[in-house]
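For reference, the structure discussed in these notes is given below.
Treat the numbers as computed from the prediction; the structure is a model and nothing was measured. Chain identifiers are assigned alphabetically (A, B, ...) following the order of the sequence lines, protein sequences preceding nucleic acid strands; residue numbering begins at 1 within each chain.
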Number of protein chains: 2
Amino acid sequence: MKLNDLPMTTSATWTLARRAERMNPSVIREILKVTERPGIISFAGGLPSPKTFPVDAFAEACAKVLREDGRSALQYAASEGYGPLREAVAAQLPWNVDPAQVLITTGSQQGLDLVAKVLIDTDSRILVETPTYLGALQAFTPMEPKVVSVASDAEGVDVADLERKAPGARFLYVLPNFQNPTGRTMSEARRAALSIAAARLGLPLIEDNPYGDLWFDAPPAAPLTARNPEGSIYLGSFSKVLAPGLRLGYLVAPAAILPKLLQAKQAADLHSPSFNQRMVAEVLKDGFLDRHVPTIRALYKAQRDAMLAALRREMAGLDVQWNTPDGGMFLWARLPAGMNAVDLLPEAVDRGVAFVPGAAFYADEPDARALRLSFVTASEEQIATGIAALAAAIREAQGA
Amino acid sequence: MKLNDLPMTTSATWTLARRAERMNPSVIREILKVTERPGIISFAGGLPSPKTFPVDAFAEACAKVLREDGRSALQYAASEGYGPLREAVAAQLPWNVDPAQVLITTGSQQGLDLVAKVLIDTDSRILVETPTYLGALQAFTPMEPKVVSVASDAEGVDVADLERKAPGARFLYVLPNFQNPTGRTMSEARRAALSIAAARLGLPLIEDNPYGDLWFDAPPAAPLTARNPEGSIYLGSFSKVLAPGLRLGYLVAPAAILPKLLQAKQAADLHSPSFNQRMVAEVLKDGFLDRHVPTIRALYKAQRDAMLAALRREMAGLDVQWNTPDGGMFLWARLPAGMNAVDLLPEAVDRGVAFVPGAAFYADEPDARALRLSFVTASEEQIATGIAALAAAIREAQGA
């Protein structure tokens, strides 16, 4: 039954907050809408391969949680998170972490939102890599910071440039392992130099590590946070090692900051879903990740190799460059001089393949020739077909 | 394996955002910690009775979703929410709502966070009831508004006071049905007058309705939003009619505002858990709420009656006042002149009973004599024992 006979009044005068003017639809999400057309081979998304989701383990865990502890799992719960899950997180991290330092978040995206609320005032300077994770820019922007890009190379942040730009900055946001978007990994030497420089400068680090477990041949070097836990906030996620649809991540923060992050969390959504937290705590028992994650690594490594092989085969004679990521989900490529990835995209989509122009990932001056290619969502056959189509689009654009 | 041989550097200089200074631990959550001691009868929490959680229906829905659609349910999803759930929400609301206006949120607490981000600048004036929902104050505070209380009586907001205070305000936040904390309900006459005044003033309304379905004898009057959908944002929740542990709520917003709320949502946590959204959409099929919600109403009405009977019996001769809520979870009481609910609390806890001092719910001048009593978490027997203990504490404090 719908109400039709109420005296209807007129509208109201909505005044948007200034920060709302800065909010814009995610370029990637807008592109993804186009690329969801049937038949498009997409290297654009950041979606883990659904083949890797442990559906049966979740089904067992759901049934068990609801059978044994259903009413608690469905009730309101502590903002900090479910105790056994916080303990499991602390235990799996490679430095000494007290479970009391762990805050469970609604995906690691929420961790970025909480960091922004607690550490950014209007016009605060914050530092990011070049390029950097778009979702972090989106989380930071509503708090109206001045975002400054630190020069970066294939090993990550340039420490000399960091030293020039650090004075007065609230923090450096850094994603050292198999970075989104570039796939690059920070070397041990660079981590050591960055860590020492940051400590000398008194510069807090926000270390984001959603992909660190997805290494192919050898694990990456130790986290920056392990070198200076009091000077760092560490963000992690279950989205890439279990599944993103549960929206569970976590952060580890020093005692100086955690209470404020917790209060921001409470105000944001009271707590992350208690049911999901118990499900994941149940799945994690008995070393599940030790058996499960190697299967993801093997799959993603094979898909990376398929993309590298296709690139070598199809891009021959074109002046296209790309890197060889040691893990994760993304590869970073660069078009020939004079070309523009944004202009290329519609041509590529016409030929049935999609990617994300790299320009989306820069806080300031974008590299118009860069593009991000995900190698984990499409199958090996689709990778071969899609890279061939991309090469054809580049060839045609070059000839034009 | 833990890292012990890294060169450890020193800490960093953390600078908190100004808004973080305003964040404080929830008074209620701090009290709840004390009252979680075994043996304490708590009228303090805002927890639904776990007896009402449809555990079996959830178990069936979980199994079905994972069996039939597991990989989609576990994947990243649209920020707007799961289509069939948005349609179910639109269909159950008592005015014409396009599913495209519905945004699924991580509990209705997140709806408040998004409203704050999109509509509040530093020092923006916003209007609230006297008293008002503490969680809303916590969600609004980080955006640094000037919060102004509008005088309110047993029927809700005083329209004449609203007219005086409205000029320049960004919105009025109002919880018309079985309000948290007072349990009061806005009459039809007051809704009509408020709606007309708000439209004339151009004042947007944020209408929060987590308890509206929990009526005892007759449903409350039509929502304010139904009278002016273009001038209102409506917040709803599955926490009280299904279970809070899934953290699912929703908002309905006009086209003028929804895109910004959606962008804020995307930045906050990408999307609410897709798995939970499919579970709830599955449970809602075939009119489940039409069968389930009446059982909650009957239980809560019996518990309200038990508390009213205990109050009449135990408070005889004491100058304590209380209201008779027509639904929801809370009753509002007032101590004799000269008494203070904050001072009474430790005495009551010593006697094994807890409540929330009303002072927590005021944006400015608190009523020191008020207290909030939840009648839904404790059993009828516990209600009888707890109210007797509360009366004894009051009697002793009065004699002192």
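- If you tally non-hydrogen atom pairs under 4.5 Å between each of A/Phe140, A/Phe275, A/Phe53 and chain B, the highest count goes to A/Phe53.
- Salt-bridge formation is not detected for the pair A/Asp113/A/Lys265: no Lys NZ or Arg NE/NH1/NH2 atom is positioned less than 4.0 Å from an Asp or Glu carboxylate oxygen.
- Considering only heavy atoms from C-beta on, A/Leu248 comes within 4.5 Å of A/Ile104 through its side chain.
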Residues A/Glu230, A/Asn228; criterion side-chain contact (heavy atoms from CB on, under 4.5 Å); working and verdict: CA-CA 6 Å; A/Glu230 295 304 310; A/Asn228 186 1; 4.2 Å; yes
Derivation of the salt bridge (Lys or Arg N to Asp or Glu O under 4.0 Å) call for B/Arg247 and B/Asp269: CA-CA 13 Å; B/Arg247 309 304 306 123; B/Asp269 64 2; over 6 Å; no
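- Comparing A/Thr122, A/Val65, A/Ile233, A/Val97 by how many heavy-atom pairs each has under 4.5 Å with chain B, the most go to A/Ile233.
- Both the backbone and the side chain of B/Leu119 come within contact range of chain A, with heavy atoms under 4.5 Å apart.
- B/Thr15 touches chain A through backbone and side chain together, each having a heavy atom under 4.5 Å away.
- Contacts of A/Ser232 with chain B are made by backbone atoms alone, with heavy-atom separations under 4.5 Å and no side-chain atom involved.
- Residue with the most contacts toward chain B among A/Gly70, A/Pro204, A/Ala243: A/Pro204 (heavy-atom pairs, distance under 4.5 Å).
- Looking only at distances, no side-chain donor or acceptor of B/Lys117 sits under 3.5 Å from a matching main-chain atom of B/Ala264.
- For B/Leu224, no part lies near chain A; criterion is any non-hydrogen pair under 4.5 Å.
- In this structure, chain A has a heavy atom under 4.5 Å from the side chain of B/Pro254, while its backbone stays farther away.
- When each of A/Ala73, A/Pro48, A/Gly135, A/Ala59 is checked for heavy-atom pairs under 4.5 Å with chain B, A/Pro48 comes out on top.
- Side-chain N/O atoms of B/Thr106 and B/Ser272 include a donor and acceptor closer than 3.5 Å.
- Within the 3.5 Å criterion, the main-chain N or O of B/Ala77 finds no donor-acceptor partner in the side chain of B/Ser274.
- Under 4.0 Å is where a charged nitrogen must lie from a carboxylate oxygen, and between B/Glu144 and B/Arg125 no such pair does.
- Contacts of B/Gln277 with chain A are absent, with no heavy-atom separation under 4.5 Å from either backbone or side chain.
- For B/Glu60, the CD atom sits in a loose shell: 12 or fewer heavy atoms of surrounding residues, nucleotides or ligands are nearer than 6.0 Å.
- Put simply, of A/Gln110, A/Arg19, A/Lys51, the one with the most heavy-atom pairs under 4.5 Å next to chain B is A/Arg19.
- Distance check, rounded to the nearest 0.5 Å: OG of A/Ser79 to CD of A/Gln266 gives 4.0 Å.
- Heavy atoms of B/Ala136 lying under 4.5 Å from chain A are absent altogether.
- The candidate from B/Gln92, B/Arg67, B/Lys240, B/Arg278 with the greatest count of non-hydrogen atom pairs under 4.5 Å with chain A is B/Lys240.
- With a 4.5 angstrom heavy-atom cutoff, A/Leu74 touches chain B via backbone and side-chain atoms both.
- Neither the backbone nor the side chain of A/Ala198 has a heavy atom closer than 4.5 Å to any heavy atom of chain B.
- In this structure, the portions of A/Ala139 lying under 4.5 Å from any heavy atom of chain B include both its backbone and its side chain.
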Stepwise salt bridge (Lys or Arg N to Asp or Glu O under 4.0 Å) test for B/Lys64 and B/Asp69: CA-CA 8 Å; B/Lys64 189 170 178 209; B/Asp69 201 17; over 6 Å; no
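- Among A/Ser108, A/Gly245, A/Gly202, the residue with the largest count of heavy-atom pairs under 4.5 Å with chain B is A/Gly245.
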